[in-house]
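Here's the structure we're looking at; comments come further down.
Not measured: the values here are computed from a predicted model. Below, chain A is the first sequence line, B the second, and so on; all start at residue 1.
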Number of protein chains: 2
Amino acid sequence: MNRTASIKDVANHASVAVGTVSNVLNYPDRVSQRTKERVLKAIDELGFVRNDAARQLRAGHSRTVGLIVLDVGNPFFTSVVRAAEDAASVHGSAVLLGDSGHDAGREANYIDLFQEQRVQGLLISPVGDVTERLDLLRERGVPTVLVDRLADESRFSSVSVDDDAGGYLAARHLLDTGRRRLAFVGGPTSIRQVSDRLQGAQRAVKEEPDATLEVLTSEGMTVLAGRSVGNMLVERGPEHLPDGIFCANDLLALGVMQSLTMTHTFRIPEDVALIGYDDIDFAVSAVVPLSSIRQPTEALGRTAIELLTEEVESQNATHRAVVFTPELVVRQSTGKA
Amino acid sequence: MNRTASIKDVANHASVAVGTVSNVLNYPDRVSQRTKERVLKAIDELGFVRNDAARQLRAGHSRTVGLIVLDVGNPFFTSVVRAAEDAASVHGSAVLLGDSGHDAGREANYIDLFQEQRVQGLLISPVGDVTERLDLLRERGVPTVLVDRLADESRFSSVSVDDDAGGYLAARHLLDTGRRRLAFVGGPTSIRQVSDRLQGAQRAVKEEPDATLEVLTSEGMTVLAGRSVGNMLVERGPEHLPDGIFCANDLLALGVMQSLTMTHTFRIPEDVALIGYDDIDFAVSAVVPLSSIRQPTEALGRTAIELLTEEVESQNATHRAVVFTPELVVRQSTGKA
DNA sequence: GCGGATATTTGAATCGTTTCATTGGTACGA
DNA sequence: TCGTACCAATGAAACGATTCAAATATCCGC
């Protein structure tokens, strides 16, 4: 048994026509119970597996959806992927996953590959500005939904999270626990997420006349960058320390926490409250469990598939941009002073 | 322009035969410069994209390889995936990625999907025992390479990492820095990786007559599990503390580190040396940068693709089990006492 | 300008499905 | 017994590429 069995082999083995085998597979109701059983038995005996290439060729479209993310290692995307897979499987389609790794070349490779595969549509968290490329896709009839990026609704559908609202939420929480001398840690500000979160924080601070917000620009969004900001704060001495710190992501916050707790001059949350962003797994297991802002990743993935399905089914070119609001997760690091 | 252009459209537009267009795509040398230009121009003007389903149907096999991992969020697998993708692209194939999430059902879905897609072969980091299923695949002519699992060479090729050697490496390093009262933290011991690493550590300790190894079983492999082991050690008091701790992964080690440094009764590495396993990103940015054992993930991914390619090209059923040796990464946490 | 060798191009056959118009059977009421 | 529905099953056409034997063009030396 060298070659894998074809539908014709099954038909012969069950003494029926190929069309009947196809019907058993795709429209079981059209086939009588008796022949159905006979065909299924033959399928089983020959170990027949449908050749998706042939099916797709005839059908004109595939049952797969392409998903290109910036980094599969990033828990944010991992969760989005998982949700998208689950949502797609409900529709009977599967997700082909591509990891661009923030590299435009890899991204382009995946776009090409998925186009050759004739995916039903594409979900993409784009590297930089690829709108021209995506315009081309749209023209060629490949529906596309942007993920984690707000799109011009006249051209694409998109799902994204409101970073301004997240920033507001974080700062408002610090204010609500009685802090007034706030600091924002993040950088570089050229990153849209950073500037949006800062903007939201500023909006919250303006609501309290006696509150101030200091901006501490970090060099990147890593633990080490957070630690150097933290060290700088420690050197300032207690009297000049903010009493509430909002970090643009959890890694930064963990770094700041390391600096502050290592010296044992300051206590979290008694002297300084600390809140991060993303709610990574490590947040809960930090030395002082870290309050954070959680992004609704499951909803992102699920909705992305839904929007795509809408576009596939209705040919009209109306797009929707769905924006989600993140959620505050309170832990010990922002407990009462 | 509703339907995407086919090779026939291109042929008409360029006034050549379809065979010629195919040759331009697949055997450019067989085509004269003049016609090649004409055809390429037509391809460009029509926005032609090859239909992979048709190609595959005729060719009998695809240019894709299936890769099913236990958890794309795990940095170990992320790195393997990345390396496999790069290695595959050298061979002109692409990787279809599936995430089983340790779920046998999802795994089965992906196996079915990939089989319908007629992937060239399958790389899989299996959930539990799926050897019967994989045997079926093999019978049907889908070459399979096991990833991160040692396989019976009579049945499959595999790539894996020698956890015993890794455990030896870690314990030997602690011994080499003068520690003698060692402790191993990990659990549950039913996990093969845990028991293998412990075994390697025991082997190293036996080499030093005056050295001892205490086994501290943890409840899981998380930061919190590590912290509770750490707290237990702190309560013992300084005189009963080990002077070198080997944790079965970095998360455990970070938890232990949190406990020991929080109390400030013990210093790392002066009082206790600490080494983890996996060399996750967080290891380098821990409060005390953590020594660890790094697994050669790039080599795993690359070699997996190579073994698969071997199986695809040579029909003979000889398999190879390649075992890699991990690597010691020394950082501050195991500095001299 | 010719014969032969080589380089290009042609187009029909083929892969394994799905689709659908057609055929063959069966049941039922008149 | 006939006619009418209805239900199952049939099998040829179609999808869009690749392949390959055959046809044609080009080149070379004499």
Could you tell me whether the side chain of A/L123 reaches within less than 4.5 Å of the side chain of A/L308, counting heavy atoms only?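 Side-chain contact under 4.5 Å: yes.
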Please give me the minimum heavy-atom distance between B/F77 and B/D148, naming the atom from each residue.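 Closest approach of B/F77 to B/D148, heavy atoms only: CZ-OD2, 4.4 Å.
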Provide, to the nearest angstrom, the distance between the [atom1] atom belonging to [X] and the [atom2] atom belonging to [N].
| X | N | atom1 | atom2 | result |
| --- | --- | --- | --- | --- |
| B/N51 | C/dC15 | CG | C1' | 13 Å |
| A/I7 | D/dG11 | CD1 | P | 14 Å |
| B/N23 | D/dC20 | CG | P | 11 Å |
| B/H61 | D/dT18 | NE2 | P | 11 Å |
| B/L25 | D/dT19 | CG | C1' | 14 Å |
| B/Q33 | D/dA25 | CD | P | 21 Å |
| A/R34 | D/dC7 | CZ | P | 19 Å |
| A/K8 | D/dA12 | NZ | C1' | 11 Å |

Quick one: is B/Y27 getting a side-chain N or O under 4.0 Å of the D/dT19 phosphate, OP1 or OP2?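 Result: yes.
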Reckon A/S6 has a side-chain N or O less than 4.0 Å from the OP1 or OP2 of C/dC15?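 No.
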Just checking B/G60: base, sugar-phosphate only, or nothing, at a heavy-atom cut-off of under 4.0 Å?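 Nothing, no nucleic acid heavy atom in range.
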Heavy atoms under 4.0 Å, any strand shown: does A/V21 hit a base, just sugar-phosphate, or nothing?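 Nothing, no heavy atom under 4.0 Å.
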Taking the side chain of [X] as its heavy atoms from C-beta onward, which of [options] lies nearest to it?
| X | options | result |
| --- | --- | --- |
| B/V18 | D/dT18, D/dA17, C/dT17 | D/dT18 |
| A/S22 | D/dA17, D/dT19, C/dT18 | C/dT18 |
| B/N26 | D/dT18, D/dT10, C/dT9 | D/dT18 |
| B/L57 | C/dG11, C/dC15, C/dT19 | C/dC15 |
| A/T20 | C/dT18, D/dA9, C/dT9 | D/dA9 |
| B/R58 | C/dT17, C/dC15, D/dT10 | C/dC15 |

Please check if the side chain of [X] supplies one atom and the backbone of [Y] the other of a donor-acceptor pair under 3.5 Å.
| X | Y | answer |
| --- | --- | --- |
| A/R38 | A/A14 | yes |
| A/T144 | A/V142 | yes |
| B/E153 | B/A321 | yes |

DNA chain D: 5'-proximal contact among B/R30 and B/F48 (nearest heavy atom):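 The residue whose closest nucleotide sits nearer the 5' end is B/F48.
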Is there, by distance only and without an angle test, a donor paired with an acceptor across the side chain of A/R55 and the base of C/dT17 below 3.5 Å?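 For A/R55, whose side chain was compared with the base of C/dT17, there is no donor-acceptor pair (under 3.5 Å).
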